[in-house]
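Reading through the structure tokens given below for one structure.
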There are 2 protein chains.
Amino acid sequence: MTITEQGLSIAQVAELVGVSAHALRYYEREGLLRNPIERASSSHRRYTEADVNWVRFVTKLRSTAMPIARIKEYAALARQGDATRQARLDLLLVHRMSVVAQLEEMTKSLAAIDYKIATYEERTAQQ
Amino acid sequence: MTITEQGLSIAQVAELVGVSAHALRYYEREGLLRNPIERASSSHRRYTEADVNWVRFVTKLRSTAMPIARIKEYAALARQGDATRQARLDLLLVHRMSVVAQLEEMTKSLAAIDYKIATYEERTAQQ
DNA sequence: ATAGAACTTCGAGCGCACTCGAAGTCAAAC
DNA sequence: GTTTGACTTCGAGTGCGCTCGAAGTTCTAT
């Protein structure tokens with residue numbers, strides 16, 4: 001049993017992480033992963049734990065609206081190794097600002113929605 | 001001077017609310033507004049304060065990821081008048097749940113990003 | 001009166017992030 | 001050994017939310 005025979009299948013990872021197998025292949029094709037996923041018997045993908053963790057982090061970046069292109073940059077930097085550590089940190093710090101801004105905007109919008117809800121409930125109570 | 005000669009132009013509203021004039025026409029065409037916007041001299045749009053407030057609320061719904069189709073439903077209900085007040089309230093309450101869920105997910109993702117940032121900074125400090 | 005800016009409608013086009021489907025390969029179970 | 005189902009690649013298709021541009025009209029300033 002070679003090392004590439006171990007690891008999780010694409011369906012298992014899809015289930016685990018909560019993205020479609022199609023999306024996993026798409027992410028790999030686009031270069032969002034650090035490396036191409038290893039293959040078992042020269043065809044089926046076998047994901048290591050590190051691969052799964054990387055995919056998980058990609059979903060965190062996606063759920064905070066980082067564009068695919070930016071994640072691709074991040075992955076490309078990671079592939080270059082240690083020399084790009086500062087660049088990756090900078091990229092994440094810039095993104096962090098945008099996430100905080102998104103949270104603030106969404107919180108403000110929630111307040112507006114809550115205000116509207118309150119006026120509806122008030123009017124219902126008045127009748 | 002008739003009443004339709006008053007009010008703001010599309011460019012003024014675009015500036016004020018922070019969406020493009022193209023988007024404002026699109027929203028109106030799609031039925032996201034409560035009523036068609038009144039016209040001055042039978043062509044140019046003239047927005048009332050109520051129109052602007054409605055557009056502002058639409059942007060709050062958009063920034064919390066309510067789909068155009070749902071906003072369209074909401075506007076259609078509003079057009080029906082008082083009989084649909086409860087339905088509109090329900091729609092907003094359902095959406096509120098989704099906004100809270102989004103905030104929670106984004107907050108969790110921010111924590112993951114912060115964790116990653118921390119490991120980068122640690123490693124930088126170690127050198 | 002006329003130039004130029006701002007508006008109108010309409011339909012087409014675009015960018016993003018997948019999603020799908022065809023056609024073929026591989027593997028595990030019976 | 002053959003069926004069943006999960007996998008493979010590849011390119012095309014989809015849905016969403018605008019965005020753009022053409023062609024014509026109207027307003028404003030000079």
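Side-chain atoms of B:Asp51 come within 3.5 Å of backbone N or O of B:Thr48 as a donor-acceptor pair.
When each of C:dT19, D:dC27, D:dC20 is scored by its nearest atom to the side-chain atoms of A:His22, the top-ranked nucleotide is C:dT19. Looking at the side chain of B:Ile68, the nearest of the listed nucleotides D:dG17, C:dA17, C:dT8 is D:dG17. Residue B:His44 places its side chain closer to D:dC27 than to any other of D:dC27, D:dT9, C:dA17.
Rounded to a whole Å, the CG atom of A:Leu61 is 12 Å from the P atom of C:dA17. The separation between A:Tyr26 atom OH and C:dG15 atom C1' is 11 Å, rounded to whole Å. Distance CZ (B:Arg70) to P (D:dG17): 11 Å, rounded to an integer number of Å. Taking atom CZ on B:Arg29 and atom P on C:dT8, their separation rounds to 12 Å, with Å as the unit. Computed from coordinates, the A:Leu24 CG to D:dC7 C1' distance equals 13 Å when rounded to whole Å. Atom CD1 in A:Ile37 sits about 14 Å away from atom P in D:dC7, given to the nearest Å. Taking atom CZ of residue B:Arg46 and atom P of nucleotide C:dA6, one finds them 13 Å apart after rounding to whole Å. The CD1 atom of A:Ile10 sits 19 Å away from the P atom of C:dT25 (whole-angstrom rounding).
An OP1 or OP2 oxygen of D:dC7 is reached within less than 4.0 angstrom by no side-chain nitrogen or oxygen of A:Arg45. OP1 and OP2 of D:dA6 both lie 4.0 Å or more from every side-chain N or O belonging to A:Ser9. Contact check, B:Ser20 against D:dT19: a side-chain N or O comes under 4.0 Å of OP1 or OP2. For the pair B:Tyr27 and D:dG17, the criterion of a side-chain N or O lying under 4.0 Å from OP1 or OP2 is not met. Put simply, B:Ser41 has no side-chain N or O that comes within less than 4.0 Å of OP1 or OP2 on D:dT26. Between A:Arg25 and D:dT8 there is a side-chain polar atom (N or O) within less than 4.0 angstrom of OP1 or OP2.
Under the 4.5 Å side-chain contact rule for hydrophobic residues, A:Leu16 and A:Trp54 share a cluster.
With 3.5 Å as the limit, one finds no donor-acceptor pair spanning the side chains of A:Arg39 and A:Ser43.
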Report task. In sequence, state the C-alpha distance, the side-chain angles, and the governing distance for A:Lys72 and A:Glu30, and then conclude on salt bridge (charged side-chain N to carboxylate O under 4.0 Å, His left out). Result -> CA-CA 7 Å; A:Lys72 198 182 303 193; A:Glu30 291 297 306; 3.1 Å; yes
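Atom-to-atom distance recorded for A:Thr119:OG1 and A:Glu122:CD is 7.0 Å, nearest 0.5 angstrom.
Of the two residues contacting DNA chain D, namely B:Ser43 and B:Ala65, the nearest-nucleotide position lying further toward the 5' end is that of B:Ala65.
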